[in-house]
Amino acid sequence: MGCSGCGVPSDWTHSRYVRHLADVALGGRPVRIDLSVCRLYCENPSCPKVTFAEQVPGLTVRYQRRTPLLQHLVESVGVVPVGRGGARMLRVLNVRLSRCTVLAQPMRMPLPPLVTPRVLGVDDFALYGDTYGTLLVDATIRLPLTLWEGRTLNNSADGSARIPESRSPAATAPSPTGRA
């Protein structure tokens with residue numbers, strides 16, 4: 001087993017303890033795995049970690065009380081019907097979690113990679129009084145990209161921001177009369 005800090009393998013046992021892991025229900029019944037794991041000393045004197053716990057690949061993840069399979073299920077349910085709805089849905093699957101725990105799961109998930117939008121929507125609006133905002137939206141997936149204060153896009157530090165030309169089907173389609 002390698003140290004989680006430096007990767008140097010170690011066989012020097014510090015202590016043993018039982019780790020309790022929740023897993024996906026089997027036959028409609030909740031599953032709890034009681035796993036005996038070792039805490040090991042790191043044999044590298046320059047490593048900042050003194051001890052580390054052994055991990056079983058595919059079954060344990062550092063600082064988690066759920067298996068990766070159950071964690072994936074909780075994340076999947078937590079994204080769509082968040083909060084109480086997600087907790088109720090998980091209860092049907094025999095996973096007992098509070099609504100606060102279900103709400104916290106989407107915050108732990110990695111963000112999707114950034115992709116340059118093909119069609120960009122721009123909307124300016126009044127927040128209150130003389131304060132305006134500009135919203136940029138990816139029109140293909142219908143999600144907001146950014147919100148700027150003001151009605152112009154020259155709010156960046158060097159003033160070089162500009163809106164790319166639209167590539168929507170309406171902008172590139174030939175006119176019905178044949179004239180441009």
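There is no path of hydrophobic side-chain contacts, each under 4.5 Å, that joins Tyr132 to Trp148. Hydrophobic clustering of Ile, Leu, Val, Met, Phe, Trp and Tyr side chains at less than 4.5 Å, counting indirect connections, unites Val56 with Val31.
Across all non-hydrogen atoms, the minimal contact from Thr134 to Gly150 is OG1-O, 2.5 Å. Across all non-hydrogen atoms, the minimal contact from Phe52 to Ser4 is CB-OG, 4.0 Å. The shortest non-hydrogen separation linking Cys38 to Thr13 is SG-CG2, 4.5 Å. In terms of heavy atoms, Asp138 sits closest to Val119 at OD1-O, 3.6 Å.
Counting Ile, Leu, Val, Met, Phe, Trp and Tyr side chains that sit under 4.5 Å apart, directly or through other members, Val18 stands alone, with no cluster partners.
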Between Gln71 and Gln64, does the side chain to side chain contact (heavy atoms under 4.5 Å, CB included) criterion hold? Intermediate values first, please.
CA-CA 9 Å; Gln71 180 62 27; Gln64 285 230 255; 3.1 Å; yes
With side chain to side chain contact (heavy atoms under 4.5 Å, CB included) as the criterion, how do Glu149 and Thr131 come out once you've worked through the C-alpha distance, each side chain's angles and the decisive distance to 0.1 Å?
CA-CA 8 Å; Glu149 187 176 344; Thr131 305; 4.2 Å; yes
Let's go through Asp123 and Val137 carefully: what are the C-alpha distance in whole Å and the side-chain angles of both, what is the deciding distance for side chain to side chain contact (heavy atoms under 4.5 Å, CB included) to 0.1 Å, and is it a yes or a no?
CA-CA 8 Å; Asp123 186 19; Val137 179; 5.9 Å; no
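To the nearest 0.5 Å, the span separating CG on Leu143 from CG on Leu136 amounts to 13.5 Å. Note that CG of Leu69 and CG of Leu21 are 12.5 Å apart. Values are rounded to the nearest 0.5 Å. For the atom pair CD1 (Ile141) and CG (Leu145), the distance works out to 7.0 Å, reported to the nearest 0.5 Å. The line from CG of Leu59 to CD1 of Ile33 is 5.0 Å long, rounded to the nearest 0.5 Å.
Arg19 and Gln55 share a side-chain donor-acceptor pair at under 3.5 Å. A donor and an acceptor atom, one from each side chain of Arg39 and Thr51, are located under 3.5 Å apart.
Residues in residues 100-128 take part in no ring-ring contact (aromatic ring centres under 6.0 Å, His included) pair, two or more places apart or across chains.
Residues meeting the side-chain hydrogen bond (donor to acceptor under 3.5 Å, both in side chains) test with Asp130, sequence neighbours left out: none. Scored by the salt bridge (Lys or Arg N to Asp or Glu O under 4.0 Å) test, Asp124 finds Arg151 as partners (sequence neighbours excluded). Residues forming a salt bridge (Lys or Arg N to Asp or Glu O under 4.0 Å) with Arg62 (at least two apart in sequence, or on another chain): none.
Under the 4.5 Å side-chain criterion, counting only non-hydrogen atoms from C-beta, Leu135 is not in contact with Val122.
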Please tabulate, for the side chains in residues 40-50, all donor-acceptor contacts under 3.5 angstrom to protein atoms that are two or more places apart in sequence or on a different chain.
from	atom 1	to	atom 2	distance (Å)
Glu43	OE2	Ser10	OG	3.2
Glu43	OE2	Asp11	N	3.3
Asn44	OD1	Ser46	N	3.1
Asn44	OD1	Ser46	OG	2.9

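With hydrogens and angles ignored, the 3.5 Å screen pairs no side-chain donor or acceptor of Thr67 with any backbone N or O of Asp23.
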